[in-house]
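In what follows, a single structure is set out as structure tokens and then discussed.
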Number of protein chains: 2
Amino acid sequence: MHRHIADALYREILSGRHPPGARLPAEVELAERYGVARGTVRQALADLGADGVIASRKGARRVVLGLPLTQSFSELLSFSAWARALGEEPRGRVVELTRREATAVDADRLGLPVGETVYYLVRVRLLSDTPVMIERTTFPGPIGEMVATFELERESIFEELGRRGVDLARARHQMEAIPATAEDSRLLGLRRAAPLLRERRTTSSTAGERLEWSDDRYRGDAVSFAVENAVAARSVGRLLSAFGEGGREG
Amino acid sequence: MHRHIADALYREILSGRHPPGARLPAEVELAERYGVARGTVRQALADLGADGVIASRKGARRVVLGLPLTQSFSELLSFSAWARALGEEPRGRVVELTRREATAVDADRLGLPVGETVYYLVRVRLLSDTPVMIERTTFPGPIGEMVATFELERESIFEELGRRGVDLARARHQMEAIPATAEDSRLLGLRRAAPLLRERRTTSSTAGERLEWSDDRYRGDAVSFAVENAVAARSVGRLLSAFGEGGREG
DNA sequence: CAGTGGTCTAGACCACGTG
DNA sequence: ACGTGGTCTAGACCACTGA
């Protein structure tokens, strides 16, 4: 029910009925309108607040802030969802898919012993037939065996894993600017040492089990990442690293 | 009360009494321990969940995930807090502080009319006497007048504004990889076109009033940004932009 | 001063998980 | 089967906002 109310209010905001700056109806009024208790309305409003759509101050009606930068968690993980939101057909060219033994870096990232079997996948992702990103992903053996059966040129790995019941719950991202290596510039069609935005990511299950790690490199002129944070939602932070920490192992 | 309970539980987790992977006491048990209703305990646990400290699944006890990457909102904004966490003395060299008229970009970012008075501050920030970041910040007139009185070589602007009662509530960040301009490379002591991590940020009050915007450029080899997200906390997203969107106005 | 959101209480039912 | 978290109800008091 609270989800339904949040959706209804969000659609009203999208429709322009409550433009940015407008004040929303009071909680009691909404409770009456939807025939629910005030607590349920508050839960719906909390959902919208967490997305940065509305703000609240004690004593005053809630205010519409604007539209959130993204709607779903999966969009941060999924190149495919991002491409579709841009009106593009997500595509990927598989450069390499190998089964190999975990390196020290893999072992650290995935929480496995060195030498354990992992799957290594390299894909170049395209927008409008232009390469914009190189994806170098390592999966633990069991996940890799599933991934190897996917249609990697077209399917979204994350969406497909989700459909098969894999519990993708949390991700940790690390973002840096690096110069393109020889292979990077060849695959992306850029000059040597062009600036790339590197995102290194580790995805875990609810229980903390590591499900993949990836080194994704975006053309600097093709993409930007957005983060929004509020005082109440303290889930974003600057990594405590400097000078060489984080290495060059990619 | 819910804040007190959240703090108490967080301290218990920090102390190692509930190591990562451990299951927390049930809600009813905590309610009994603190002599409050179950709803109050749930509110405290929601606070910890938003910080990524614990996870919950229907039917099972809450699980401790680990420590968040950062404790406070101000750390993402504040170079000073970041430097201190690295054991460094935060320092900044003021390159420029001018009062000028708002450009179209300033007007858009700060929600002001073009030509309105703004303050423009350029600082080079140092770690271990090495320049690692250039900060180009624009403040609306009233905020700028306060900032102009600060000891800009040593003080943290955000911390100082907070102390003076300015309501810094929300920030929107955008991160990209760009090549260093001639001025960038001169101020940072890098070669031309070295990869930089650019963070553009707009900070707002609770009511949505814009308080500053900044174009910060970090040495690519000196810093990385970390983001952690969970399914429940949908506050982080990839910006929907590609190819030139976002401009080169810096 | 009336209205509003923030907080808390004391119940209740349900779907889910774990043992 | 039982305990657990997710959800919802129907009240209540307070601090704050805004007219």
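Reminder, nothing fancy here: chain letters follow the sequence lines and each chain counts from 1. Quick caveat: nothing in here was measured; it's all calculated off a predicted structure.
As judged by a 4.0 angstrom heavy-atom cut-off over every strand, B:Arg42 is placed among the base-contacting residues. Among the atoms of the strands shown, only primed sugar atoms or phosphate atoms (P, OP1, OP2) are found under 4.0 Å from some heavy atom of B:Arg62.
A salt bridge is absent between B:Asp216 and B:Arg125; no separation between the charged side-chain nitrogens and carboxylate oxygens falls under 4.0 Å. Residues A:Glu145 and A:Arg99 are not paired through a salt bridge, judged by the lack of any N-O separation under 4.0 Å between the basic side chain and the carboxylate.
Listed by chain and residue number, nothing satisfies the side chain to side chain donor-acceptor pair (under 3.5 Å) test with B:Thr117 (two or more places apart in sequence, or in another chain). Among residues two or more places apart in sequence or in another chain, the side chain to side chain donor-acceptor pair (under 3.5 Å) test is passed with A:Glu153 by none. By the side chain to side chain contact (heavy atoms under 4.5 Å, CB included) test, B:Ser205 is found to be paired with B:Asp167, B:Ala207, B:Glu209, B:Leu211, residues two or more places apart in sequence or in another chain being considered.
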Anything under 3.5 Å between a donor and an acceptor, one on a side chain of residues 22-32 of chain A, the other on a protein residue two or more places apart or in another chain? List them.
residue: A:Glu27; atom: OE1; partner: A:Arg38; partner atom: NE; Å: 2.6
residue: A:Glu27; atom: OE1; partner: A:Arg38; partner atom: NH2; Å: 3.1
residue: A:Glu27; atom: OE2; partner: A:Arg42; partner atom: NH1; Å: 2.8
residue: A:Glu27; atom: OE2; partner: A:Arg62; partner atom: NH1; Å: 2.8
residue: A:Glu27; atom: OE2; partner: A:Arg62; partner atom: NH2; Å: 3.3

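Annotation: proximity of residues 28-40 of chain B to DNA chain D (heavy atom, distance under 4.0 Å) is found for B:Arg38, numbered in ascending order.
Taking 4.0 Å as the cutoff to heavy atoms of chain A, we find the contact window on DNA chain C bounded by C:dG3 to C:dT7.
For A:Arg33, the CZ atom is densely surrounded, since the number of other residues' heavy atoms within 6.0 Å is greater than 12.
Counting only distance, with no hydrogens or angles, the side chain of B:Arg123 and the backbone of B:Leu152 share a donor-acceptor pair below 3.5 Å.
Summary of the strand contacts: B:Val41 and B:Arg23 both lie near DNA chain C, and taking for each the nucleotide with the nearest heavy atom, the more 5' one is attributed to B:Val41.
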